[in-house]
Amino acid sequence: MALVLQNLKAKHINTNTKLFSLFTVTLLCSLFYIIGLYQHSSTRLQSTATTVHKCSVSAPNSTSPVLDFSTHHALDHEPKTQIAKRAFPICAAQLSEYTPCEDLQRSLKYPRQRLEYRERHCPEKSELLRCRVAAPYGYMAPFAWPLSRDFAWYSNAPHKHLTVEKAGQNWIKFEGDRFRFPGGGTMFPNGADAYIDQIGKLVDLRGGEIRTAIDTGCGVASWGAYLLSRDILTMSFAPKDSHEAQVQFALERGVPALIGVIATKRLPYPSRAFDMAHCSRCLIPWAQNEGQYLIEIDRILRPGGYWILSGPPINGRIHWKGWERTIEELQAEQSSIESVAKSLCWKKIKEKNDIAIWQKPTNHIHCKVNRKVFKRPQFCKAQDPDNAWYVKLETCITPLPDTYNLKETAGGKLAKWPQRLTATPPRIASGSLEGITEETFRKDTQLWRKRVAYYKSVSSQLEEKGRYRNLLDMNAYLGGFAAALVDDPSWVMNIVPPEAMINTLGVVYERGLIGTYQNWCEAMSTYPRTYDLLHGDSVFSLYQDRCEMEDILLEMDRILRPEGTVILRDDVDILLKVKAITDGLKWESRITDNEDSPHNREKILFAVKLYWTAPAPDPDRPLTN
């Protein structure tokens with residue numbers, strides 16, 4: 001009996017010991033948890049949205065955007081230093097259409113010969129305006145696509161000059177509070193649709209072989225606007241000249257366009273980029289300067305690509321009086337163009353009425369042989385055909401990649417659209433881009449599908465069809481972001497910075513997408529309020545120590561519409577600095593975790609630019625803000 005009591009007592013003591021240990025551990029854990037919460041509360045407040053944040057702003061004739069997202073994890077460290085915040089003043093109202101690199105006063109310092117003064121001439125660092133460009137008073141959200149193809153608000157681009165100058169050509173009409181675009185052009189006053197149908201009788205525009213096009217001297221971009229219904233994506237460009245706001249009108253319509261001119265430098269596109277190039281009375285002297293301008297079109301045309309010319313000198317026997325030219329003069333000009341085209345080994349496909357079409361060869365086997373006949377132009381030697389950022393034009397032919405039989409397409413044959421979007425681009429399949437393989441391309445395509453799906457889960461506006469039309473990807477790489485959005489009623493301008501380790505813009509075009517080169521230390525060749533959404537992957541990491549972060553953000557603010565959205569991916573330390581600046585730009589923004597893990601240093605900044613405009617005409621009326 002004594003032995004049993006002894007065993008019971010031992011078990012009781014052992015149980016008490018275990019309970020005491022468990023209580024002690026629980027108490028210590030709770031104490032350290034409370035201390036940890038206290039120590040990291042400042043970081044948690046800065047980086048974690050504990051409630052849903054709604055950014056609601058209103059503008060005339062627009063729906064109120066709601067940026068709705070949350071994150072539930074603190075950053076895993078505190079910022080090393082407190083980031084100073086600053087406010088940016090508003091630019092003068094007369095600068096509402098300021099384009100820094102196409103400034104009229106600065107351009108007058110450059111030669112008028114060959115239109116050099118109309119090229120990009122950006123301000124020095126000391127000349128930069130560090131202020132926010134205001135939208136004109138009464139600015140309204142653009143019409144949604146496809147209505148925007150035909151209408152734009154007068155208050156957004158208050159210029160009536162073209163409605164008078166081009167009244168008989170159906171470019172643009174002023175009707176009450178808006179402009180209407182009937183679809184006409186100088187050589188197609190009856191409408192772009194009918195004109196494109198004429199071209200379609202000469203070359204197949206609906207079979208998927210032609211996907212990317214370029215319109216030189218585009219006017220208000222009606223040709224590109226109406227090609228969209230045929231699944232052809234057009235890069236339209238025109239200079240900032242006496243035809244005021246023509247590119248601005250194009251962008252207000254939701255049509256891809258840039259300010260640009262073919263003068264002394266290469267166009268900012270890679271070689272073999274476009275399936276079709278077009279000039280409708282674009283007034284470019286194609287045969288002058290040893291055919292240099294047509295040689296540049298040859299560089300950017302794909303093997304087998306088409307060049308379409310309408311207007312002077314084509315069909316000069318009919319139009320010579322209206323063009324105020326003599327028949328002999330027009331015939332001499334056409335003969336010169338024919339001679340240059342022949343020297344480039346182009347084949348004339350057809351000339352019918354006001355339209356003439358040439359085709360570039362699919363390879364240069366014959367062309368290299370016949371250099372014995374055509375002494376000029378010779379083939380270029382030792383040059384990068386895709387290098388096109390401030391590169392001077394040449395008077396030599398850009399050689400196509402080598403081929404070994406006449407039926408082979410130089411550089412590789414492209415798939416038809418829409419298969420082209422996901423087929424391995426020839427530049428990758430051939431191994432010409434170091435470090436980028438077919439597997440790299442496949443994984444990148446999948447990655448961006450996942451990322452865009454995550455963006456849409458975070459921001460409900462991205463799910464709204466028609467909410468965004470003009471999009472910009474500031475560091476596009478292989479074009480994955482744009483490819484993931486291809487089914488949305490929008491288009492993406494894909495930017496490959498010249499500073500990128502690998503020049504991948506050629507791949508973007510081989511996928512049937514469009515884009516351009518752009519150094520973000522400089523302003524873009526576009527008008528203020530061009531884009532509805534800006535996306536940037538590691539942009540600020542790329543430009544770290546190259547230029548000021550605030551200058552890039554001010555440029556982003558300039559080209560972003562009121563109520564536009566920004567999505568930036570980068571290292572958390574960089575995004576904290578970005579956010580401090582965007583607060584001074586009057587953007588509503590939050591930093592969230594990325595789609596993979598809260599422990600990943602890469603975070604995402606979502607932002608909305610608030611609606612505000614220049615002051616009302618009445619000086620006593622306060623700024624709308």
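Proximity of the aromatic rings of W307 and W286 is defined here by a centroid distance below 6.0 angstrom, and this criterion is met. Taking the six-membered ring wherever Trp is involved, the centroid distance between the rings of Y195 and H278 falls below 6.0 Å.
Under the 3.5 Å distance criterion, the side-chain polar atoms of N405 are matched with a main-chain donor or acceptor of E408. Looking at N475, its side chain does come within 3.5 Å of a backbone N or O of D537 through a donor-acceptor pair. Remark: the backbone N or O of C367 is paired with a side-chain donor or acceptor of R371 at under 3.5 angstrom. Not one N or O on the side chain of E438 forms a donor-acceptor pair closer than 3.5 Å with the backbone of A429. For the pair N363 (side chain) and L406 (backbone), a donor-acceptor distance under 3.5 Å is present. No donor-acceptor pair closer than 3.5 Å links the side chain of H364 to the backbone N or O of P399. The backbone N or O of K375 lies less than 3.5 Å from a partner atom in the side chain of Q378, making a donor-acceptor pair. Side-chain atoms of S335 never come within 3.5 Å of backbone atoms of Q331 as a donor-acceptor pair (strictly under, hydrogens ignored).
The distance from atom CG of L330 to atom CG of N315, rounded to the nearest 0.5 Å, is 10.0 Å. Residue W323 holds its CH2 atom at 11.5 Å from CD of E329, rounded to the nearest 0.5 Å. Atoms CG and CG, on L233 and L228 in that order, are 6.5 Å from each other to the nearest 0.5 Å. Atom OH of residue Y527 and atom CD of residue E102 lie 8.5 Å apart, to the nearest 0.5 angstrom. Put simply, OG1 on T516 and CG on L267 are 9.0 Å apart, with the number rounded to the nearest 0.5 Å. For the atom pair OG1 of T398 and CG of L301, the computed distance is 11.0 Å after rounding to the nearest 0.5 Å.
The heavy-atom pair separating G224 from V255 by the smallest distance is C-CG1, 4.3 Å. Nearest heavy atom pair, residue F441 against residue T424, reads CE2-CA, 4.0 Å. For the residue pair A221 and A250, the shortest heavy atom distance occurs at CB-CB, 3.5 Å. Minimum heavy-atom separation, L513 to A483: CD1-N, 4.2 Å. Here the closest non-hydrogen pair linking R511 and W417 is O-CZ3, 3.2 Å.
With E510 as the fixed residue, the salt bridge (charged side-chain N to carboxylate O under 4.0 Å, His left out) test singles out one of R302, K413, R420, R427: R427. Evaluated for a side chain to side chain contact (heavy atoms under 4.5 Å, CB included) with P498, the options L505, N387, N519 yield exactly one hit, N519. In summary, of the residues considered (E116, E119, Q292, R114), a side-chain hydrogen bond (donor to acceptor under 3.5 Å, both in side chains) with T264 occurs for E119 alone. For the ring-ring contact (aromatic ring centres under 6.0 Å, His included) with F179, the lone residue among F249, W171, F143, F151 that qualifies is F249. With L472 as the partner, the side chain to side chain contact (heavy atoms under 4.5 Å, CB included) test is satisfied by one option alone out of L533, V492, L560, I559: I559.
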For K368 and D402: C-alpha separation, side-chain torsions, deciding distance, then whether salt bridge (charged side-chain N to carboxylate O under 4.0 Å, His left out) applies.
CA-CA 11 Å; K368 288 180 178 178; D402 289 337; 3.5 Å; yes
Stepwise side-chain contact (heavy atoms from CB on, under 4.5 Å) test for L294 and D298:
CA-CA 6 Å; L294 215 50; D298 181 77; over 6 Å; no
Verify side-chain contact (heavy atoms from CB on, under 4.5 Å) between I214 and F237, making sure each step is shown before the conclusion.
CA-CA 8 Å; I214 185 167; F237 77 85; 3.7 Å; yes
Given V508 and L478, is the side-chain contact (heavy atoms from CB on, under 4.5 Å) satisfied, shown in steps?
CA-CA 6 Å; V508 170; L478 303 179; 6.0 Å; no
Verdict with reasoning, M493 to T530, per side-chain contact (heavy atoms from CB on, under 4.5 Å):
CA-CA 11 Å; M493 184 70 76; T530 290; over 6 Å; no
So N503 and Y517, side-chain hydrogen bond (donor to acceptor under 3.5 Å, both in side chains) or not? Walk me through it.
CA-CA 9 Å; N503 183 351; Y517 297 109; 2.9 Å; yes
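R211 has no carboxylate O lying under 4.0 Å from a charged side-chain N of D275, or vice versa, which leaves the two without a salt bridge. Here E394 does not pair with R299 in a salt bridge; the nearest charged N to carboxylate O distance is not below 4.0 Å. One finds a salt bridge joining R561 and D532 here, because a Lys/Arg side-chain nitrogen approaches an Asp/Glu carboxylate oxygen to under 4.0 Å. Using a 4.0 Å cut-off between charged side-chain N and carboxylate O, R180 and D150 make no salt bridge. With respect to the salt-bridge test (charged N to carboxylate O, under 4.0 angstrom), the residues D193 and R230 qualify. Between R281 and D354 there is no salt bridge, since no side-chain nitrogen of the basic residue lies less than 4.0 Å from a carboxylate oxygen of the acidic one. With respect to the salt-bridge test (charged N to carboxylate O, under 4.0 angstrom), the residues D386 and R266 do not qualify.
Using a 4.5 Å heavy-atom threshold, the side chains of P361 and W346 count as touching. Using a 4.5 Å heavy-atom cutoff, the side chains of R206 and D204 are in contact. You'll find the side chain of E97 reaches within 4.5 Å of the side chain of H159, heavy atoms only. Between W358 and L309 there is a side-chain heavy-atom pair separated by less than 4.5 Å. Put simply, the side chain of D215 does not reach to within 4.5 Å of the side chain of L227, judged on heavy atoms. Side-chain contact between T403 and I365 is present, with heavy atoms from C-beta onward closer than 4.5 Å. Residues L471 and Y531 have side chains not in contact (no heavy-atom distance under 4.5 Å, counting atoms from C-beta outward). When side chains are defined from C-beta on, I355 does not count as touching F188, because their heavy atoms never get closer than 4.5 Å.
More than 12 heavy-atom neighbours from other residues, nucleotides or ligands sit within 6.0 angstrom of NZ on K465. Atom CZ of R442 has more than 12 heavy atoms from other residues, nucleotides or ligands within 6.0 Å. K348 NZ: more than 12 foreign heavy atoms inside a 6.0 Å radius.
Using modelled atom types and a 3.5 Å distance limit, the side chains of S525 and R120 yield a donor-acceptor pair. Neither side chain, S339 nor S336, offers a donor N or O lying under 3.5 Å from an acceptor on the other. Side-chain contact annotation: S222 with R253, donor-acceptor N/O pair under 3.5 Å present. Side-chain atoms of S280 and S310 form a donor-acceptor pair, as typed in the model, at a separation below 3.5 Å. Defined by atom type and a distance below 3.5 Å, a donor-acceptor pair is present between the side-chain atoms of E351 and Q334.
Remark: R149 is not positioned above the aromatic ring of F181, lacking an NZ or CZ atom under 6.0 angstrom from the ring centre and at most 45 degrees off the axis.
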